[in-house]
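In what follows, a structure is listed as structure tokens, so that the remarks can point back to it.
Each chain gets a letter, A, B and so on, in the order its sequence line appears, and its residues count up from 1.
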Protein chains: 2
Amino acid sequence: MAKIDDVAKLAGVSPATVSRVMNGTSAVKASTREKVEAALAQLSYRPSHSARALARTKKTSLGLVVATFSEPFFMSLTESIVAFATENEVNLTTAIGGDSAEGEAEAIDTLLSHGCKAIVMHSKYLSVEQLTDLLNAIPSLVLLNRLVLGFEDRCVWLDNRVGAENMARRLIDAGHRQFACINRAEKIDDSVDRFAGWQRALQHHGMALAEHSVAEADCTLAGGYDAVVQLLNNKASFTALLCYDDSMALGAIRALADAGLSVPKHVSIVGFNDSYMARTSYPKLTTMHYPVEQMALEAGRLALQRIAAEKMIVQHVGRYLPVVIARQSDRRLAMEAVS
Amino acid sequence: MAKIDDVAKLAGVSPATVSRVMNGTSAVKASTREKVEAALAQLSYRPSHSARALARTKKTSLGLVVATFSEPFFMSLTESIVAFATENEVNLTTAIGGDSAEGEAEAIDTLLSHGCKAIVMHSKYLSVEQLTDLLNAIPSLVLLNRLVLGFEDRCVWLDNRVGAENMARRLIDAGHRQFACINRAEKIDDSVDRFAGWQRALQHHGMALAEHSVAEADCTLAGGYDAVVQLLNNKASFTALLCYDDSMALGAIRALADAGLSVPKHVSIVGFNDSYMARTSYPKLTTMHYPVEQMALEAGRLALQRIAAEKMIVQHVGRYLPVVIARQSDRRLAMEAVS
DNA sequence: TTGTACGCGTTATCAC
DNA sequence: GTGATAACGCGTACAA
């Protein structure tokens with residue numbers, strides 16, 4: 001493999017000039033450029049990936065931690081950050097956190113050893129203590145989708161509680177009085193907060209989710225199906241079903257259909273996240289829109305700002321509120337049924 | 001980010017010793033080791049990925065070019081090479097060739113700039129001329145699944161023609177006399193050779209594939225479906241259908257079912273590749289087993305051997321022959337129907 | 001506009 | 001068993 005010195009020698013210039021020609025870093029006389037390009041071609045020169053990476057570690061680069069690439073939610077998130085990085089001309093390195101606290105911590109380590117200066121992390125599994133330690137150790141770390149008290153200026157988060165509360169209220173206002181819910185079995189911030197929101201809205205109207213009206217399962221289509229089976233076995237009776245997210249909601253619709261109940265005729269169903277499926281399913285899902293793209297952008301902006309030379313104070317909006325997207329899976333109860 | 005010198009200073013040793021402790025390269029006194037490990041932990045030291053990569057470029061490393069990771073065929077292939085690399089303690093770098101000659105060439109470049117010393121490539125789209133140039137330029141390049149004349153000692157290939165011929169003969173021997181085929185539309189070695197094999201077997205028995213009995217389409221399930229629709233529109237009449245590969249065969253089965261024809265009752269169908277789906281479909285597919293794992297291993301062995309110091313001459317088996325795996329999608333024609 | 005010289009973090013080699 | 005020192009290949013201040 002030819003190296004940059006070989007090219008330089010062949011072209012009769014210094015290695016620095018070869019670098020300039022390749023990267024367009026600074027102006028080079030046309031005749032020189034041609035000589036270099038000829039040499040480049042003649043040796044079919046390939047810059048060494050590793051040497052480049054090493055020499056460029058000084059440049060600011062952004063790191064991203066996501067759980068996976070294969071879910072729509074993370075696709076949107078990643079796309080958004082990729083666009084942001086491209087636009088701001090910073091390198092982006094991505095690491096997979098997976099489904100565990102260890103995986104998330106490992107991902108951070110990976111990014112650090114890749115020389116990332118700023119990091120945006122979507123974390124589900126790290127504890128508040130662990131996150132606090134990380135935030136203290138890594139000044140440029142920004143959290144996407146978690147709120148850690150004391151670090152409000154480095155968090156971009158969705159108010160799940162208020163979102164869930166608003167969604168429940170929508171159904172209450174539509175006349176529903178018999179509720180059930182299916183929640184994600186894992187106790188992460190999202191599931192705890194959404195449940196709290198539902199309860200709060202219901203209690204505000206003198207209702208509450210009884211134990212036999214609450215089912216927990218995997219956060220998947222199959223999980224949603226199973227959860228509804230649980231509810232029906234419990235002989236829970238409900239006209240409105242609150243679901244942790246869209247995938248569970250869709251699974252729930254199938255389970256209800258298999259039990260002879262149609263949506264929204266017999267049961268009103270609402271999801272959360274406004275994922276792609278919510279728009280393409282039948283019936284289309286009423287759900288909460290999660291402004292991932294916006295939030296990802298804000299997180300990227302924040303992270304980059306934290307390593308910028310000029311630490312200008314920019315207004316930071318950390319809290320985002322999901323809004324109801326009304327579609328076809330819920331309905332207003334007829335008056336006679338309510339009264 | 002702490003650097004290795006910081007760790008060394010804190011532990012009161014030289015950077016070299018820190019490296020030895022981390023990598024277990026050579027013996028280190030227990031007391032020294034402990035000091036170093038303490039320093040490592042205290043600074044929560046992360047070796048720089050790029051610096052490591054650069055310093056390690058001397059080590060032999062193997063490169064692999066595949067079209068994609070998401071098809072079963074390439075999964076098997078990749079798995080096999082990964083195991084091989086692990087076993088032989090060489091680093092493995094993988095690059096995606098995609099669906100074009102440019103992509104394949106690009107992948108090779110990527111591997112070279114990553115410092116790969118030996119390369120195994122699965123190429124579909126590069127021309128024989130391009131491959132010849134590459135083989136001349138890169139002494140350690142080994143081709144998987146292509147035969148380039150003059151480089152027999154660096155090719156590991158499947159004899160598609162003879163394989164296809166054997167498969168067609170099986171059906172002839174089973175009494176079939178009315179044939180049709182569906183082939184991949186792209187003219188790559190595989191599709192050309194398999195077609196040639198079919199024709200050869202049929203001509204040997206005084207038959208031939210008439211134009212209206214040949215359909216071409218994408219090499220996918222949907223493509224297989226479409227191809228059969230073409231055949232039926234052509235009013236082609238056949239008791240045996242030769243398919244380019246398993247996915248097209250499976251699509252074909254669906255199309256036939258939709259047309260009221262059942263497999264193997266009305267039509268005998270055979271695939272190629274013996275992919276995962278062939279064993280799990282209904283009916284299970286009679287197909288040709290493609291010994292990817294074995295071939296990948298041989299290619300890896302060959303590539304590594306070409307950069308080995310001791311150039312011992314090892315017997316090289318380049319040509320592989322697929323064998324018929326008889327399952328349920330074809331049948332012997334009853335005597336009365338034949339006579 | 002171009003060249004010199006140094007740094008990046010690690011590892012191999014040779015001394016000691 | 002351990003420490004200097006020299007690569008590894010490129011980018012980039014700084015100097016010319």
Side-chain angles (χ1 to χ4, degrees), chain A residues 1-37 39-40 43-61 89-91 109-117 309, chain B residues 1-37 39-40 43-61 89 91 109-117:
Chain A
M1 281 274 81
K3 21 175 41 155
I4 200 170
D5 295 281
D6 301 332
V7 179
K9 203 165 291 173
L10 180 60
V13 299
S14 76
T17 301
V18 177
S19 172
R20 287 190 263 261
V21 170
M22 296 184 59
N23 303 303
T25 317
S26 80
V28 175
K29 195 160 52 167
S31 60
T32 312
R33 162 184 308 277
E34 281 162 21
K35 278 191 298 181
V36 172
E37 280 171 347
L40 245 23
L43 296 175
S44 63
Y45 171 71
R46 294 267 109 206
S48 148
H49 183 81
S50 26
R52 270 208 154 140
L54 179 57
R56 283 174 175 169
T57 40
K58 279 180 190 167
K59 287 198 176 171
T60 61
S61 68
E89 295 185 329
V90 294
N91 294 319
D109 279 352
T110 304
L111 291 180
L112 289 178
S113 47
H114 277 260
C116 288
K117 296 281 181 287
Chain B
M1 281 275 78
K3 17 173 51 159
I4 200 170
D5 295 282
D6 301 332
V7 179
K9 204 166 291 173
L10 181 59
V13 299
S14 76
T17 301
V18 177
S19 172
R20 287 190 263 259
V21 170
M22 297 183 58
N23 304 302
T25 316
S26 80
V28 175
K29 199 162 46 171
S31 60
T32 312
R33 162 184 307 277
E34 280 162 24
K35 280 191 298 181
V36 172
E37 280 170 348
L40 244 24
L43 296 175
S44 64
Y45 172 71
R46 290 269 109 205
S48 148
H49 183 82
S50 26
R52 272 208 153 141
L54 179 57
R56 286 175 174 169
T57 40
K58 277 180 189 168
K59 288 196 175 174
T60 60
S61 68
E89 294 186 329
N91 294 319
D109 279 352
T110 304
L111 291 181
L112 289 178
S113 49
H114 278 258
C116 288
K117 297 279 180 289

To the nearest angstrom, the NZ-P distance between B/Lys9 and C/dG9 comes to 13 Å
Between A/Tyr45 and A/Lys3, the two heavy atoms sitting closest are CE1-C, 3.5 Å
(Q) Between A/Lys117 and A/Thr57 (side chain of the first, backbone of the second, donor and acceptor by atom type, cut-off under 3.5 Å), is there such a pair? (A) yes
Quick note, salt bridge (Lys or Arg N to Asp or Glu O under 4.0 Å) partners involving residues 46-56 of chain A, not counting sequence neighbours, are A/Arg46-B/Asp109
Would you say NE2 of B/His114 has more than 12 non-hydrogen atoms from neighbouring residues, nucleotides or ligands within 6.0 angstrom? yes
Nucleotide by nucleotide, nucleotides 2-15 of chain D touches protein heavy atoms under 4.0 Å in the pattern (B base, S sugar-phosphate only, - none) BBB---BBBSB---
Residues 5-21 of chain A vs side-chain hydrogen bond (donor to acceptor under 3.5 Å, both in side chains), sequence neighbours excluded, gives A/Ser14-A/Thr17, A/Ser19-A/Asn23
